[in-house]
Amino acid sequence: MARDTTKPAAPTSGGEAFSSSLPFAPEDVSRRLLFWYGERGRDLPWRRTRDPYRIWLSEIMLQQTTVAAVVPYYERFLQHFPSLQILAEASLDDVIQLWAGLGYYSRARNLHQAARQIVRDGDGSFPDQLEDLMALPGIGRSTAGAIMSIAYDRPAPILDGNVRRVLIRLFAWQEDPRSSRAEKHLWYWAERLTPDAQPHGYAQAIMDLGATVCLPRNPDCRRCPLSDLCRARQLGLSAALPVKRPKKTVPVRCQAAVLVSAGDKLLVMQRPPAGLLGGLWEFPVVDVPDEQPPEQALLPWLEQARFQQKVEFVGEIRHIYSHFRLKLAVCAVSLTGDNTPDGLPGEWCSAEDAPALPLHGAHLKALHLYRQRQHADD
DNA sequence: AAGCCGGGGGC
DNA sequence: GCCCCAGGCTT
């Protein structure tokens, strides 16, 4: 017996025990899901391996990201870093480079850091205990559970966005899904439903169900192997759950990016290693106050840099982040011999090589716009 | 408990 | 436009 089979404690609320009984037999759910997965499961690159390193990489890349976006990144990453040891020996800049465009760059930093920790602290083999996995940066309870079940075929619950939605509907959870109360219940249900047999197939099955059938909008209940067990379905709430989060207004941030050119070179700077877009490259940026022309907002910056050239307005980029919108004025300053670019922070990069830098999305757009305009002038 | 962290795709 | 996505970390 490799596993403690005692049932998890039922969540409590205000000291009152929550009903530990389920409206159906857990084996009934897992059996249906496993059969369905055998018929309808997707063929994905990371499902052709049991290598924990690759499973781990896929799980990290897939956090808050869609499968279609991940596939090319996953393949390319593994071409450069085919093993844990090679990743551990790589530079962070090279890792960031291969992550550029995927977003949530702390994932790349944590991935790299975790690889170094495993190689440094262990015998080089990938951890195979839930607690050891969770001790690594970037791996929380859900990702640790995914690695345990998918790579090692050992039962451990997962609670990602897909499973969350499936469980909310299956148990007709009508409260705020982001509350700590919801969290306790969902983890409890996830644990109770995870089977001792074939946890590998089960984990992928329930995620696939959420991704292809139990969709956020318009769930396709006719194709769902759990439809006759589903409490939301019974209550006519399938489409109404999970309850939506109250929408918040997102602020608009105005900035100007300066493309300073000296001959063929452009001035680029690397952002601080942590925080927003950590470690990525960009052009110098100045905040633009409301209702002020970007050229005017740039004057103090030009003064400080001792540039006397005129600023040319190239165009405007709009870029949407999850928590704000960026209105980015793209400006160009072309240096002549009178100016001394030395002493400025940052580095000079040829315009041809700049697109190969790990630039973040908004500034990659800015560069494209700049080069497009330059081309038009020729 | 709440805020932070990107970019893309579906509709 | 709006919503969400194979979440985790920090405060």
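To find a chain, count down the sequence lines: A is the first, B the second, and so on, and within it residues start at 1.
- A salt bridge links R32(A) to D28(A): at least one charged side-chain nitrogen sits closer than 4.0 Å to a carboxylate oxygen.
- L44(A) comes within contact range of at least one nucleobase, with a heavy-atom separation under 4.0 Å.
- Side-chain polar atoms of Q63(A) and R107(A) form no donor-acceptor pair below 3.5 angstrom.
- Using a cutoff of 4.0 Å between basic side-chain nitrogens and carboxylate oxygens, D43(A) and R48(A) are scored as salt-bridged.
- Residue R42(A) is in base contact, counting any heavy-atom pair closer than 4.0 Å across all strands shown.
- Looking at R164(A) and E183(A), a side-chain N of the basic residue comes within less than 4.0 Å of a carboxylate O on the acidic one, giving a salt bridge.
- When the nearest nucleotides of DNA chain C are assigned to R217(A) and I139(A) by heavy-atom distance, the more 5′-ward of the two goes with R217(A).
- Judged by closest nucleotide on DNA chain B, A362(A) is the one of A362(A) and N218(A) placed further toward the 5' end.
- For the pair R76(A) and Y73(A), the distance from NZ or CZ to the six-membered ring centre is under 6.0 Å and the angle to the ring normal is within 45 degrees.
- Distance noted for atom P between dG9(B) and dG8(C): 23 Å (whole Å).
- Between R141(A) and E191(A) there is a salt bridge, since at least one side-chain N of the basic residue sits less than 4.0 Å from a carboxylate O of the acidic one.
- Side-chain polar atoms of H360(A) and R271(A) form no donor-acceptor pair below 3.5 angstrom.
- One finds a side-chain N or O of R165(A) lying less than 4.0 angstrom from the OP1 or OP2 phosphate oxygen of dC5(C).
- Between the side chains of S125(A) and D123(A), a donor-acceptor pair is found at a separation under 3.5 Å.
- Both key distances under 3.5 Å define a Watson-Crick or G-U pair, and stretches of 3 or more such consecutive pairs in DNA chain B run B:1-5 with C:7-11, B:7-11 with C:1-5.
- In terms of position along DNA chain C, the nucleotide closest to P216(A) lies nearer the 5' end than the nucleotide closest to the other residue of the pair P216(A) and G138(A).
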Show, in sequence, the C-alpha distance, side-chain angles and deciding distance for L44(A) and Q204(A), and conclude whether the side chain to side chain contact (heavy atoms under 4.5 Å, CB included) test is met. CA-CA 11 Å; L44(A) 300 170; Q204(A) 311 217 53; over 6 Å; no
Short N/O separations, protein against nucleotides 4-6 of chain B, under 3.5 angstrom:
{"from": "dC5(B)", "atom 1": "OP2", "to": "H323(A)", "atom 2": "NE2", "distance (Å)": "3.3"}
{"from": "dC5(B)", "atom 1": "N3", "to": "Y104(A)", "atom 2": "OH", "distance (Å)": "3.2"}
{"from": "dG6(B)", "atom 1": "OP1", "to": "Y104(A)", "atom 2": "N", "distance (Å)": "3.0"}
{"from": "dG6(B)", "atom 1": "OP1", "to": "Y105(A)", "atom 2": "N", "distance (Å)": "2.8"}
{"from": "dG6(B)", "atom 1": "OP2", "to": "L277(A)", "atom 2": "N", "distance (Å)": "2.4"}
{"from": "dG6(B)", "atom 1": "O4'", "to": "Y104(A)", "atom 2": "N", "distance (Å)": "3.3"}
{"from": "dG6(B)", "atom 1": "N7", "to": "S322(A)", "atom 2": "OG", "distance (Å)": "3.1"}
{"from": "dG6(B)", "atom 1": "O6", "to": "Y104(A)", "atom 2": "OH", "distance (Å)": "3.0"}
{"from": "dG6(B)", "atom 1": "N1", "to": "Q64(A)", "atom 2": "O", "distance (Å)": "2.9"}
{"from": "dG6(B)", "atom 1": "N2", "to": "Q64(A)", "atom 2": "O", "distance (Å)": "2.7"}
{"from": "dG6(B)", "atom 1": "N2", "to": "T65(A)", "atom 2": "OG1", "distance (Å)": "3.1"}

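- Among the nucleotides dG7(C), dC3(C), dA6(C), the one closest to any side-chain atom of Q204(A) is dA6(C).
- Contact annotation for W99(A): no contact, since no heavy-atom pair falls under 4.0 Å across all strands.
- Residue R47(A) is classed as a base contact, given a heavy-atom separation below 4.0 Å to a base.
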